2 protein chains.
Amino acid sequence: MTFPVVGMVGGGQLARMTHEAGIPLGIRFKLLSDTPQDSAAQVVGDVVVGDYRDLDTLRAFARGCDVITFDHEHVPTEHLRALEADGIPVRPGPEALVHAQDKGVMRARLDAIGVPCPRHRIVADPEDVAAFAAEGEGFPVVLKTVRGGYDGKGVWVVDSAEEAAEPFRAGVPVLAEEKVDFVRELAANVVRSPHGQAVAYPVVESRQVNGVCDTVVAPAPGLDENLALRAEEMALNIAKELGVVGHLAVELFQTRDGRLLVNELAMRPHNSGHWTMDGAITSQFANHVRAVLDLPLGDPRPRAPWTVMVNVLGGDYPDMYYAYLHCMARDPRLKIHMYGKDVKPGRKVGHVNTYGDDLDDVLERARHAAGYLRGTITE
Amino acid sequence: MTFPVVGMVGGGQLARMTHEAGIPLGIRFKLLSDTPQDSAAQVVGDVVVGDYRDLDTLRAFARGCDVITFDHEHVPTEHLRALEADGIPVRPGPEALVHAQDKGVMRARLDAIGVPCPRHRIVADPEDVAAFAAEGEGFPVVLKTVRGGYDGKGVWVVDSAEEAAEPFRAGVPVLAEEKVDFVRELAANVVRSPHGQAVAYPVVESRQVNGVCDTVVAPAPGLDENLALRAEEMALNIAKELGVVGHLAVELFQTRDGRLLVNELAMRPHNSGHWTMDGAITSQFANHVRAVLDLPLGDPRPRAPWTVMVNVLGGDYPDMYYAYLHCMARDPRLKIHMYGKDVKPGRKVGHVNTYGDDLDDVLERARHAAGYLRGTITE
């Protein structure tokens, strides 16, 4: 059989869950992982341990792969171009991926295609931050290094020019953005294939705690139908204009005055789509694999009126096994997803999904399980 | 984290799908496979290639496993006893598993606990087959070697003593059974854990073609509620009386006069339970893993009114990739499960699941996809 080989760069939980989704598809999965202990490396058959920043390593890995895709956005753009020049399809490609790697490039491009964003500009130093504030609503101002941030890292909210020194220390360009007065955060997730087929998942509400995704509710409760449609169209348009192949997550602010502003883009399966593993006809992981192979995409519609995902963060107890056993006994319908990672306080080590007809019940079950696993709920 | 290691003996598709189900559970999975090309060996990280008939190989494999379970029933009973004596939990254990290995032992035990079976006895030679026929309904008579048969192999239906020579040639004891006048075949699937928790999946209808499972409909259409309950109770009772741990499939004949007779037992995930991967809250594979680890079991209830599974058998074309692509394009809701096996005519190389509210539609979609993949449907 000529079932193709998907090469995945990065051994985190996204790679792990993509492998899980690839097994029923019958494809071959090859992994480039930093260590043999990484989350995905524990469960994949064909693992190369090596450094994705080294072009020779990437080239050797790519040999025998029909397509290369990613668990993260950190592979240098020039390496991706080199792989493409070698004739290896890279999906998403470097020209698309740079918009998820560099927030400055992303903002400039979204401006150019008319996608609404928070007011923003690249700033030179703390005095320039004060000037940016004075041009608009004043402080607080959000500062982001244009590269390298995730889960709240590389992001600062400052109340004065004096507080604005830190972001400039790394020597990376700094983007200033207005602090948006939002009602809530939404995510519009879409998947696009090379021949241009695209599907949109229902728009979800994403609740953050300390800059880290905590809870996702699918679909976003009480979201106006027109606003949901606008969010989906915005994400589909971004995917098309930027030439994204695979899964694209568009994180959005819903403002008090009913606008949608783009916060971040991610071009890979995303935490805001983990609910699809148990809540949609086709998961984001399965559709990402189908997209990068240019296979027809699966139905993204939900299977239940409500699905809730809550992340399981590491707590004070290194061993979750008995808590996990307790959660299974308490709720036989609970869907637990553990990543095989050592527990460290605040680290994402798994997530739980629940679904059903009654949102309050579905939310309570997911929150209880995640809290019990973390150790913040003990009854 | 002290998440346990499950050792799986056998590298077929059942092991492959059990690994898939084990990934979200966060458990470690270790595989003993005949070759590195076996269906499961392609997708599992920790693979030992070796012969399960060799005790030293089994012992070395079992070191570092918290429990041993199986993809097939062919491991010699004395080896399983030796592993148990070494202190390795073997689930299901040898005392239970022998009932799935030896049809003579199974029939004797089911008689002893009062479970209805087709009329049967061990026969010595073709003359004895004629005597068996004369004791009851006459010919045809079903002959089975007590060990080693599967998917119609090791089973003969004979119309006379003259036709009955073949089964005796292998030198294995032969079981004679009445040819039951059945309306249809059913399967009652249950999962039982060491501490005695058990769950029952809805009773399904299983349609065979040439002795091989072709289509499974969940739940069995039009099955009388009392008969369904009786089948579930029968399976739960067999699991308890035989001390089964893990998944037990009880294949049943529904007779014209409304009785249920046990045809076969399988103590592992089973083809009649593949529908649960997309059709039940918890799949048979996830519950098998939970059971062998003595974790609380997951909810076995269906997620849709109807789920249909159709096996994908190899046809005349060795490459299914373009047919697979076509099926995805035709039906975005289709759930395809490919096993990574080379296509040979008649070989099980995958299955498809469909689900929904309308049984005719669900059946048509599954049959079309399986037929198209096999090459017997070309439009």
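Chain letters run A, B, ... following the sequence lines, proteins first and then strands; every chain starts at 1. Excluded from the calculations below are hydrogen atoms, water molecules and symmetry mates; all remaining heavy atoms, backbone and side chain alike, are included. Here the structure is a predicted model, which means the values were calculated and not measured.
- No part of A:Tyr317 comes within reach of chain B, as not one of its non-hydrogen atoms sits under 4.5 angstrom from that chain.
- In this structure, B:Leu295 and A:Met328 approach most closely via the heavy-atom pair CB-SD, 4.0 Å.
- Atom CZ of A:Arg301 is surrounded by 12 or fewer heavy atoms from other residues, nucleotides or ligands within 6.0 Å.
- Minimum heavy-atom separation, B:Asp299 to A:Arg333: OD2-CG, 3.2 Å.
- In this structure, chain B has no heavy atom under 4.5 Å from any part of A:Tyr322.
- Closest non-hydrogen pair, B:Tyr324 versus A:Leu25, comes out as OH-O, 2.6 Å.
- When the shell of 6.0 Å around CZ of A:Arg303 is examined, it contains more than 12 heavy atoms from other residues, nucleotides or ligands.
- Residue A:Tyr321 touches chain B through both its backbone and its side chain, counting heavy-atom pairs closer than 4.5 Å.
- Of the two parts of A:His19, only the side chain, counted from C-beta on, holds a non-hydrogen atom closer than 4.5 Å to a non-hydrogen atom of chain B.
- Residue contact with chain B, scored on non-hydrogen atoms closer than 4.5 Å, involves the backbone of A:Val44 exclusively.
- Against chain B, no residue from residues 362-371 of chain A qualifies, as none has a non-hydrogen atom under 4.5 angstrom away.
- A:Ile336 places none of its side-chain heavy atoms less than 4.5 Å from the side chain of B:Pro24.
- Looking only at side-chain heavy atoms (C-beta outward), A:Lys335 and B:Thr282 come within less than 4.5 Å of each other.
- For the set B:Pro4, B:Ala304, B:Gly45, the count of heavy-atom pairs under 4.5 angstrom toward chain A peaks at B:Gly45.
- If you measure heavy-atom distances from A:Arg330 to chain B, you find no contacts under 4.5 Å at all.
- Judged by distance alone, with hydrogens and angles left aside, the side-chain atoms of A:Arg16 form a donor-acceptor pair with the main-chain N or O of B:Ile23 at under 3.5 Å.
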